[in-house]
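As the structure is a computational prediction, the values presented were derived from the model and not from experiment. Quick note on labels: first sequence line is chain A, next is B, and so on, each numbered from 1. FYI, side chains are in, hydrogens and waters are out, and symmetry mates aren't considered; it's all heavy atoms of this structure.
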Amino acid sequence: MKIRYNLLKTEKNTQARFGTIQTNHGTYETPMFMPVGTRATVKSLSKEELKDEHAGIILSNTYHLWLRPGPDVIKNCGGLHKFMSWDQPILTDSGGFQVFSLAKNKRKDITEEGVHFKSHIDGQNLFLTPEKSIEIQNKLDSDIAMSFDECPPYPVTYEYMKKSVERTLRWAKRGKKVHNNPNQALFGIVQGGEFTDLREYSCKETVKLDFDGYSIGGTSVGEDKPTMYKMVEDGIRYLPKDKVRYLMGVGDPIDIIEGVIRGVDIFDCVLPTRIARHGQAFTRGGKINLNNAKYKEDLNPIDNSCDCYTCKNYSKAYIRHLITTGETLGGRLLSIHNIRFLIKLTEELREAIKNDNILEYRKEFLTKYEGKQKK
RNA sequence: GCGGCGUUGGUGAAGUGGUUAACACGCUGGUUUGUGGCACCAGUAUGCAUGAGUUCGAUCCUCAUACGCCGCC
């Protein structure tokens with residue numbers, strides 16, 4: 001079996017969906033937030049810590065594992081699950097986004113055949129193609145592989161985006177052709193930027209290729225929020241109801257809620273772990289910065305309503321001390337909290353969908369999260 | 001008691017007779033969305049030991065005082 005998505009309920013007033021994803025490594029409810037473990041590790045966290053906070057699928061990255069330790073090493077070590085001792089599902093990103101982020105400020109050479117770019121480790125010239133990406137992901141033996149796409153920056157011209165969408169479609173076809181891991185699902189990626197007709201086109205053509213799931217790519221690349229939400233709407237409209245919908249790279253709490261309301265099932269994002277390492281935490285009352293002097297002697301947990309390991313055991317004063325002194329435990333504790341915060345958010349969204357009150361939930365969440373003055 | 005040297009922000013310090021006193025750290029905020037992990041951005045001395053003098057103008061020159069370090073009696 002690859003994976004199967006079971007749609008159990010659509011919320012009455014919105015497109016929000018409650019369902020399950022069945023995989024070879026267990027069945028999990030959606031909407032779901034997936035922590036990012038780029039290099040076969042969710043930075044600083046053990047598998048027990050992830051499971052204790054109810055993590056389901058986690059992410060890993062083709063580009064990074066390609067460079068180190070290399071796909072053959074992982075294959076010879078029994079595949080990614082065995083290698084990193086993670087017995088729950090893994091989704092591997094294709095490396096498409098790395099082409100965007102690695103080469104953001106430099107020249108990148110995108111050709112029909114693939115992408116030439118330089119290793120961030122030693123500068124050597126690399127060449128990644130759709131076939132290569134899928135071949136690596138086959139070896140990694142993740143549960144879900146992603147098609148290799150082009151993720152253009154924002155903004156680009158309509159003409160460029162049109163060409164890019166066409167190329168991503170050809171790449172999707174090529175990748176699908178060489179995909180040969182019977183236990184691995186393969187997802188297609190919808191692109192098209194902020195152009196409604198290109199999103200529609202990308203969506204319909206990608207669906208024709210019949211993937212195991214679909215993701216909305218090309219968001220959170222510099223556009224404003226209304227534009228991003230429109231991209232999601234335009235990208236999701238023509239996707240089949242019986243397949244998973246994945247909004248790539250989105251993990252701001254508000255964006256997750258807005259995504260779920262528009263019909264997204266799964267999300268991934270580096271935000272919870274990255275901001276944790278820089279001393280910041282999500283709370284019901286908004287994002288806070290533990291570096292702030294006001295927490296110097298604050299013995300309260302980060303969030304009184306949080307059930308995570310960090311909030312059950314440590315105070316803001318202590319975490320602030322760890323963060324300001326550069327102790328690694330600080331980032332770890334905040335990562336645990338932030339991941340739990342987003343996972344708990346999706347748990348509550350599932351309940352809201354079941355109760356048909358997701359709009360009400362959003363209103364209540366925003367009132368607390370953004371302060372009383374808004375909306 | 002005599003002589004020499006020194007005294008610049010929270011810290012280490014640079015510097016000049018003339019608009020905004022360098023840099024670093026610290027401190028205070030902020031940013032971060034398919035991770036180039038441990039980053040980036042902004043703010044932070046109306047002030048140069050104290051007093052007087054020289055000068056159009058002094059943190060920078062002169063004198064005195066205080067404090068510190070070193071040497072001599």
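- For B:G30, one of the phosphate oxygens OP1 or OP2 lies less than 4.0 angstrom from a side-chain nitrogen or oxygen of A:N292.
- Rounded to whole Å, atom C1' of B:G34 lies 15 Å from atom CG of A:L186.
- When distances run from any side-chain atom of A:A293 to the nucleotides B:G29, B:G34, B:G37, the shortest one goes to B:G29.
- Going from the C1' atom of B:U8 to that of B:G47 covers 9 Å, rounded to whole Å.
- With rounding to whole Å, A:I256 atom CD1 is found 11 Å from B:G34 atom P.
- No side-chain donor-acceptor contact under 3.5 Å links A:T27 and A:Q22.
- Contact of A:R277 with B:U35 (side chain to base): a donor-acceptor pair of N or O atoms is detected under 3.5 Å.
- A:R320 comes within 4.0 angstrom of the backbone, heavy atoms only, and of no base.
- Only the C1' atoms considered, B:A14 is 12 Å distant from B:C48, to the nearest whole Å.
- A salt bridge is absent between A:K368 and A:E364: the closest approach of a Lys/Arg side-chain nitrogen to an acidic carboxylate oxygen does not fall below 4.0 angstrom.
- Listed pair A:R274 / B:G37 fails the phosphate criterion, with no side-chain N or O lying under 4.0 Å from OP1 or OP2.
- Between the CD1 atom of A:I288 and the P atom of B:U31 there is a distance of 13 Å, rounded to whole Å.
- As rounded to whole Å, 12 Å separates atom P of B:G30 from atom CD1 of A:I275.
- Using a 4.0 Å heavy-atom cutoff across all strands shown, A:G95 reaches no nucleic acid atom at all.
- Residue contacts shown for A:Q191 include a base, since a base heavy atom lies under 4.0 Å away.
- Residue A:N291 has no polar side-chain atom (N or O) positioned under 4.0 Å from OP1 or OP2 of B:G29.
- Taking atom P on both nucleotides, B:U16 is separated from B:G37 by 44 Å, rounded to a whole Å.
- Between A:I323 atom CD1 and B:C27 atom P there is a gap of 13 Å when expressed in whole angstrom units.
- The partner of B:G71 is B:C2, by the rule that a Watson-Crick or G-U pair needs both atom distances under 3.5 Å.
- Spacing of P atoms, B:G57 relative to B:A22, comes out at 25 Å, to the nearest Å.
- Per the geometry, NE2 belonging to A:H120 stands 11 Å off P belonging to B:C38, to the nearest Å.
- When the P atom is compared between B:C25 and B:C40, the two are found 10 Å apart, to the nearest whole Å.
- Residue contacts for A:D252: at a heavy-atom cut-off of 4.0 Å it reaches a base atom on one of the strands shown.
- In textbook terms, a nucleotide whose glycosidic angle is within 90° of 0 is syn, while B:G30, being further out, is anti.
- A donor-acceptor contact under 3.5 Å is formed by the side chain of A:K225 with the base of B:U33.
- For the P atom pair drawn from B:U28 and B:C72, the interatomic distance equals 48 Å after rounding to whole Å.
- Across all strands shown, B:U35 remains unpaired; no Watson-Crick or G-U wobble contact has both distances below 3.5 Å.
- Taking atom P on both nucleotides, B:A21 is separated from B:A45 by 10 Å, rounded to a whole Å.
- Nucleotide B:G10 has B:C25 as its partner under the Watson-Crick or G-U criteria, with both atom distances under 3.5 Å.
- For the pair A:K354 and A:F18, the cation sits on the ring face: its NZ or CZ lies under 6.0 Å from the ring centre, inside 45° of the axis.
- In a base pair of the Watson-Crick type (N1 to N3 plus N6-O4 or O6-N4) or a G-U wobble (N1-O2 and O6-N3), with each distance short of 3.5 Å, B:C48 is matched with no nucleotide.
- One can place CE of A:M228 at 10 Å from P of B:G34, the figure rounded to the nearest angstrom.
- Atom C1' of B:G43 sits at a distance of 15 Å from the matching atom of B:G10, rounded to the whole Å.
- Of the candidate nucleotides B:U33, B:G37, B:U35, B:U33 has the atom lying nearest to any side-chain atom of A:S220.
- No cation-pi contact links A:R39 to A:Y63, judged by a cut-off of 6.0 Å to the six-membered ring centre and 45° from its axis.
- For the OP1/OP2 pair of B:G36 and a distance below 4.0 Å, the side-chain nitrogens and oxygens of A:Q98 include at least one atom meeting the criterion.
- The distance between atom CD1 of A:I57 and atom P of B:G34, rounded to the nearest whole Å, is 17 Å.
- Across all strands shown, B:C56 forms a Watson-Crick or G-U wobble pair, both distances under 3.5 Å, with B:G18.
- No hydrogens or angles considered: nothing links the side chains of A:Y361 and A:N355 as a donor-acceptor pair under 3.5 Å.
- Residues A:K243 and A:D265 are not paired through a salt bridge, judged by the lack of any N-O separation under 4.0 Å between the basic side chain and the carboxylate.
- Looking at heavy-atom distances under 4.0 Å, A:T273 makes contact with a base.
- Looking at A:N61 and A:T38, their side chains never bring a donor and an acceptor atom within 3.5 Å of each other.
- Here A:D149 lies in heavy-atom contact (under 4.0 Å) with a base.
- Donor-acceptor pairing under 3.5 Å is recorded for the side chains of A:K230 and A:T196.
- Counting any heavy atom pair closer than 4.0 Å across all strands shown, A:L59 reaches sugar-phosphate atoms only and no base atom.
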